[in-house]
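Data block below; observations after.
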Amino acid sequence: MAENVTIARPYAEAAFQLASAGNALGPWSEALDRLAAVAADSQMRDCITDPKLAPEQLAGFFLDIAGTGLSAEQQNYVRVLVENERLQVLPEIRDLFVALKNEHEGVKEANIASAFPMDDSTLKTLVADLEARFKAKLNVTVSVDPELIGGVKIAIGDEVIDASVRGKLANMAAALKN
């Protein structure tokens, strides 16, 4: 997997430069989402690895499936990926592109795991407090994890805030062992 990220990095950076130059980060992000979904399909992966398909055929087939709405620049980008046999790393390219886009826009990804479903007002207050603390706009993903027993566990970048009952119990157990 790390190898795929290494392979994908220059292509993600190139897509980011093209998108930035054209002031089209949003459209490129949407296009890469769609392209990555097509590339991740099991039948498409079989086509990508099929040595009988010529690069022109594969590019045409891939672009037909990806649908209309891709700019000429995005279609050329797909052709470059086909020529360099890099279609299979489109999911990694998309992930790296989103990370570059978020960094450029000052946005951070936040994963919030809660023991119970949170109502909208609680989530809104929590997100506002986290945005103030991290001085950044947050893209929030919320999940319910009953194993937390109570409270929340928040991961933003490489920082984790564990305010769960399970985390507090683990800390108490560690303190009692010492």
Side-chain angles (χ1 to χ4, degrees), residues 1-45 47-49 55-56 58-114 118 123-124 126-143 145 152-162:
M1 206 46 118
E3 183 178 314
N4 284 349
V5 171
T6 302
I7 292 168
R9 184 167 285 111
Y11 294 95
E13 290 171 355
F16 181 76
Q17 289 173 358
L18 288 169
S20 293
N23 207 15
L25 289 173
W28 268 89
S29 183
E30 292 168 10
L32 287 172
D33 281 343
R34 191 169 8 139
L35 295 172
V38 172
D41 180 74
S42 62
Q43 291 176 332
M44 181 52 75
R45 282 195 311 262
C47 290
I48 291 170
T49 58
E56 308 82 40
L58 179 58
F61 183 58
F62 191 87
L63 289 169
D64 285 344
I65 291 174
T68 59
L70 294 178
S71 70
E73 201 170 52
Q74 292 164 346
Q75 291 177 17
N76 288 338
Y77 183 77
V78 168
R79 288 183 186 95
V80 168
L81 292 176
V82 169
E83 289 171 17
N84 293 311
E85 298 178 1
R86 299 297 187 235
L87 275 181
Q88 71 277 9
V89 295
L90 257 167
E92 289 85 359
I93 291 171
R94 185 237 5 251
D95 294 344
L96 291 168
F97 179 89
V98 168
L100 290 168
K101 178 180 175 281
N102 287 346
E103 182 181 329
H104 175 74
E105 295 173 343
V107 176
K108 293 185 178 186
E109 295 292 324
N111 295 312
I112 300 174
S114 173
M118 284 193 273
L123 180 60
K124 191 174 184 180
L126 178 60
V127 170
D129 290 345
L130 290 170
E131 286 178 343
R133 177 178 176 175
F134 287 92
K135 296 177 179 64
K137 176 89 174 96
L138 298 177
N139 277 343
V140 178
T141 304
V142 180
S143 61
D145 183 1
V152 295
K153 187 173 183 179
I154 303 163
I156 300 174
D158 59 354
E159 189 167 340
V160 176
I161 301 168
D162 191 350

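Given the structure is predicted, the values throughout are model-derived calculations rather than measurements.
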Go through it in stages, so that I can follow the logic: the residues are Leu126 and Ile154, the test is side-chain contact (heavy atoms from CB on, under 4.5 Å), and I'd like the CA-CA distance, side-chain angles, deciding distance and then a yes or no.
CA-CA 10 Å; Leu126 178 60; Ile154 303 163; 4.1 Å; yes
Under 4.0 Å between a Lys/Arg side-chain N and an Asp/Glu carboxylate O for Glu159 and Arg133?
yes
On a heavy-atom basis, the closest approach of Ala8 and Glu92 is CB-CB, 3.7 Å
May I ask you to check whether over 12 heavy atoms, not counting those of Asn23, lie within 6.0 Å of atom CG?
no
Looking at every heavy atom in both Ile156 and Leu138, which two are closest together, and how far apart are they?
CD1-CD1, 4.1 Å
Working to the nearest 0.5 Å, report the span between CG of Asn111 and CG of Asp145.
12.0 Å
In Å and rounded to the nearest 0.5 Å, what is the CG to CG distance from Asp95 to Leu100?
11.0 Å
Near Glu109 CD, under 6.0 Å, is it more than 12 heavy atoms from other residues, nucleotides or ligands?
yes
Roughly how far, to the nearest 0.5 Å, is CD of Glu83 from CG of Leu58?
11.0 Å
What do the steps show when you test Leu130 against Ile112 for side-chain contact (heavy atoms from CB on, under 4.5 Å), and what is the final call?
CA-CA 11 Å; Leu130 290 170; Ile112 300 174; 4.1 Å; yes
Could you give the side-chain donor-acceptor pairs of residues 29-45 under 3.5 Å, partners two or more places apart or in another chain?
from  : atom 1 : to    : atom 2 : distance (Å)
Arg34 : NH1    : Ala66 : O      : 3.1
Arg34 : NH1    : Thr68 : O      : 2.9
Asp41 : OD2    : Gln43 : N      : 3.1
Asp41 : OD2    : Met44 : N      : 3.2
Arg45 : NH1    : Ala40 : O      : 2.4

Please name the pair of heavy atoms, one in Phe16 and one in Leu25, separated by the smallest distance, quoted to 0.1 Å.
CE1-CD2, 3.6 Å
Per the ring pair (Phe, Tyr, Trp, His ring centres under 6.0 Å) rule, what does the pair list look like for residues 68-88, sequence neighbours excluded?
Trp28-Tyr77
With sequence neighbours left out, which residue pairs that include part of residues 7-23 fulfil the salt bridge (charged side-chain N to carboxylate O under 4.0 Å, His left out) condition?
none
How many angstroms lie between atom CG of Leu63 and atom CZ of Arg79, to the nearest 0.5 angstrom?
5.5 Å
What is the distance from atom CZ of Arg94 to atom NZ of Lys101, rounded to the nearest 0.5 Å?
13.0 Å
Atom pair CZ (Phe62) and CG (Leu87), whose distance is rounded to the nearest 0.5 Å:
5.0 Å
Closest non-hydrogen contact found for Leu70 with Gln75 is O-NE2, 3.2 Å
Less than 4.5 Å apart, side chain to side chain, heavy atoms only: is that true for Val98 and Asn139?
no
